[in-house]
Amino acid sequence: EIEPHKGILGILTRHFNFSTDTLEERQRLQKTVYILQAGGAKLGYGFGWYVNGPMSSEIVNDCREVLHYSEYEETKDPSKWNFNKDSWKQINETKEIVIEPADTPRKLELLASFHMFYSHWHRDEGLLPYELKQKFRESKTKTFSDDSPITDEQLHEAYVQASNLIAYENFHEVKND
């Protein structure tokens, strides 16, 4: 029997046109799933911090399984996995508000990395935006997708997008309480 989180990943794989063929595609998969979970999607993946930001080896393995076994074609019906209209709405809102504006691998990596950096380690420090950006720059100077230094403009854009994601996250926490 198909595990529920793999069924949902199968649906998302088609929805986002995920692939595991190239390293860049695996990075996009990782960062997109991380951002969807930050936006409230309950997909059940844990993430650790790596050079390229948030990563989960389980996602790539599950996605390969979903892509290569025909049994996952049966996962086209989201209701089978307790994936209701509200879940779809949340995923599509996160996609529209946060993922689509991060339209390059570098932007997606910076967004996911900045969000994890802030929400996991610096949320309660009361840092001003410029202090937070400075701390981030000290821990991450380049991205995987582009070995050139991160510019102030790129860092500011990641900060704004991560702030949008956090505001969206907080809105849904308050709404669900």
Side-chain angles (χ1 to χ4, degrees), residues 9 12-13 15-20 22-60 62-63 87 89-177:
L9 185 63
L12 293 175
T13 296
H15 187 67
F16 283 93
N17 197 28
F18 288 140
S19 166
T20 59
T22 66
L23 197 49
E24 187 174 286
E25 279 296 309
R26 291 190 296 274
Q27 290 290 323
R28 185 174 77 85
L29 165 67
Q30 295 276 346
K31 303 319 177 228
T32 301
V33 171
Y34 172 82
I35 292 165
L36 289 172
Q37 285 193 169
K42 293 172 180 40
L43 305 175
Y45 290 101
F47 286 84
W49 179 263
Y50 294 89
V51 174
N52 304 331
M55 297 287 285
S56 170
S57 59
E58 187 181 10
I59 290 173
V60 173
D62 286 354
C63 191
S87 299
K89 182 179 179 208
Q90 212 164 5
I91 282 173
N92 285 320
E93 285 176 356
T94 303
K95 180 181 178 185
E96 182 181 325
I97 294 167
V98 183
I99 295 172
E100 287 176 354
D103 58 356
T104 67
R106 185 176 177 99
K107 288 179 181 180
L108 199 59
E109 180 179 336
L110 283 171
L111 165 59
S113 298
F114 201 94
H115 179 274
M116 181 178 228
F117 177 81
Y118 173 73
S119 65
H120 289 254
W121 300 298
H122 299 289
R123 184 179 285 234
D124 299 324
E125 292 182 9
L127 297 173
L128 296 171
Y130 80 89
E131 294 171 313
L132 188 60
K133 291 176 197 175
Q134 184 177 348
K135 277 189 172 246
F136 181 81
R137 189 180 295 280
E138 290 167 6
S139 70
K140 188 168 178 68
T141 57
K142 301 178 198 175
T143 61
F144 165 77
S145 57
D146 181 347
D147 206 26
S148 61
I150 299 167
T151 67
D152 290 341
E153 183 180 318
Q154 291 166 334
L155 186 55
H156 179 72
E157 187 176 343
Y159 167 78
V160 169
Q161 286 299 100
S163 297
N164 289 343
L165 180 56
I166 290 163
Y168 181 78
E169 203 178 342
N170 291 339
F171 171 77
H172 282 283
E173 284 177 12
V174 169
K175 187 177 164 187
N176 293 330
D177 284 347

CD-CZ distance between Gln30 and Phe18, expressed to the nearest 0.5 angstrom: 10.0 Å

Could Lys135 and Phe117 be counted as a cation-pi pair, given that NZ or CZ must be under 6.0 Å from the ring centre and within 45° of the axis? no

Spacing of CD1 belonging to Ile91 relative to CG belonging to Leu12, to within rounding of 0.5 Å: 4.5 Å

Which atoms form the tightest heavy-atom contact between Ala162 and Leu111, and what is the distance? N-CD1, 3.4 Å

Aromatic ring pairing Phe114/Phe136, orientation class (parallel under 30°, perpendicular over 60°, tilted between): tilted

Evaluate Gln154 against Lys107 for side-chain contact (heavy atoms from CB on, under 4.5 Å), listing each step before the verdict. CA-CA 7 Å; Gln154 291 166 334; Lys107 288 179 181 180; over 6 Å; no

When rounded to the nearest 0.5 Å, the distance separating CG of Leu127 from CD of Gln134 is 10.0 Å

If every non-hydrogen atom of Arg137 is compared with every non-hydrogen atom of Leu155, which pair is closest and at what distance? NH2-CD2, 3.4 Å

Per salt bridge (Lys or Arg N to Asp or Glu O under 4.0 Å), Glu109 is matched among Lys140, Arg28, Lys31 by Lys140

Does the side-chain contact (heavy atoms from CB on, under 4.5 Å) test come out yes or no for Leu43 and Leu9, once each step is laid out? CA-CA 8 Å; Leu43 305 175; Leu9 185 63; over 6 Å; no

Could you tell me the separation between the CD1 atom of Ile59 and the CD atom of Gln37, rounded to the nearest 0.5 Å? 6.5 Å

Looking only at heavy atoms, the pair that brings Ala38 and His115 closest together is CB-CE1, 3.5 Å

Test ring pair (Phe, Tyr, Trp, His ring centres under 6.0 Å) applied to Phe47 and His120, step by step: CA-CA 11 Å; Phe47 286 84; His120 289 254; 8.9 Å; no

Which atom pair, heavy atoms only, marks the closest approach of Ala112 to Pro54? O-CG, 3.5 Å

Do other residues, nucleotides or ligands put more than 12 heavy atoms under 6.0 Å from the CD atom of Glu153? no

Starting at OH of Tyr34, measure out to OG of Ser56 and round the result to the nearest 0.5 Å. 12.0 Å

Checking Leu110 against Arg106 for the side-chain contact (heavy atoms from CB on, under 4.5 Å) test, could you report, in this order, the C-alpha distance in whole Å, the side-chain angles of both residues, the deciding distance, and whether it holds? CA-CA 6 Å; Leu110 283 171; Arg106 185 176 177 99; 4.2 Å; yes

Do Tyr168 and Val98 make a side-chain contact, defined as non-hydrogen atoms from C-beta onward lying under 4.5 Å apart? no

Roughly how far apart are Asp152 CG and Tyr159 OH, rounded to 0.5 Å? 14.5 Å

Tell me the closest heavy-atom pair linking Val60 and Arg26, and the distance in Å. CG1-CD, 3.6 Å

Is it true that Glu93 and Lys89 make a salt bridge, defined as a side-chain N closer than 4.0 Å to a carboxylate O? yes

